[in-house]
Amino acid sequence: MIAQPDPPKKCLFKNPFLYSWAALAIVVLVVGWMIFSRWEENRGIEKRAREERTEKQQEQDRIALERLGGKELAIQDFYATPGVVRRGGTVQLCYGVANAKTVKLEPQSNPVWPSYSRCVDVTPTKSTTYTLTITDAAGNTRTQSLEVKVR
């Protein structure tokens, strides 16, 4: 039997699979890096948007609290609609208070209570001065008066 010579060994660098796998690995790395970088960028954008929404909401809350009287006892509104009425006519006395525990409207038979916006119907028989008095939990008071003219 004749000994057959060993087949010639191929060089590793001449293997087409090596280059195919290397190219595929590079493509996978580049695509993976792109996906990760976009995900990271989107996270940053969402975080900034969330922070901006939070700041905007805090500002709106601060403005709303200021409009509702803040922390101080206050009569925000007290007015009559209409201010002049004929005898036997009805007038709406409207008031808005902040941080009040009790509200008293004199002379008035209808019950009143603390509210940011409330109106009470009254029927004065003569020109009358109405007095709104509010009290907070500490006993501090505020008073405001208005006159409804009857003709």
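Throughout, numbering of the chain's residues begins at 1 and tracks the sequence.
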Exercise for review: Write down the atom of P114, the atom of K101, and the distance for their closest heavy-atom approach.
Suggested key: CG-O, 3.4 Å
**Study point:** Minimum heavy-atom distance between V85 and P124, given as atom pair plus value
**Key:** CG1-CG, 4.3 Å
Nearest 0.5 angstrom please: [X] [atom1] to [Y] [atom2], how far?
| X | Y | atom1 | atom2 | result |
| --- | --- | --- | --- | --- |
| N99 | Y116 | CG | OH | 6.0 Å |
| R50 | E46 | CZ | CD | 7.0 Å |
| L93 | L105 | CG | CG | 5.5 Å |
| E51 | R48 | CD | CZ | 8.5 Å |

Report, one line per pair, each donor and acceptor closer than 3.5 Å where one atom sits in a side chain of residues 139-151; sequence neighbours left out.
from, atom 1, to, atom 2, distance (Å)
N140, ND2, D136, OD2, 3.1
S145, OG, T131, OG1, 3.2

Review point. If you look only at pairs with a residue in residues 29-48, which of them pass as a ring pair (Phe, Tyr, Trp, His ring centres under 6.0 Å), with sequence neighbours excluded?
Key: F36-W39
Check your understanding: Who pairs with E41 by side-chain contact (heavy atoms from CB on, under 4.5 Å), at least two apart in sequence or on another chain?
Key -> I45
Review point. Residues two or more places apart in sequence or in another chain: which of them pass side-chain contact (heavy atoms from CB on, under 4.5 Å) with T90?
Key: D121, T123
Exercise for review: Can you tell me which residue pairs pass the disulfide (SG to SG under 2.5 Å) test with a partner in residues 73-104, sequence neighbours excluded?
Suggested key: C94-C119
Practice item. Please list all pairs passing the disulfide (SG to SG under 2.5 Å) test where one or both residues lie in residues 25-56, with sequence neighbours left out. Key: none
**Study point:** Any side-chain heavy-atom pair of I134 and Y95 under 4.5 Å
**Key:** no
Review point. Are any of the side-chain heavy atoms of Q60 and K56 separated by less than 4.5 Å?
Key: yes
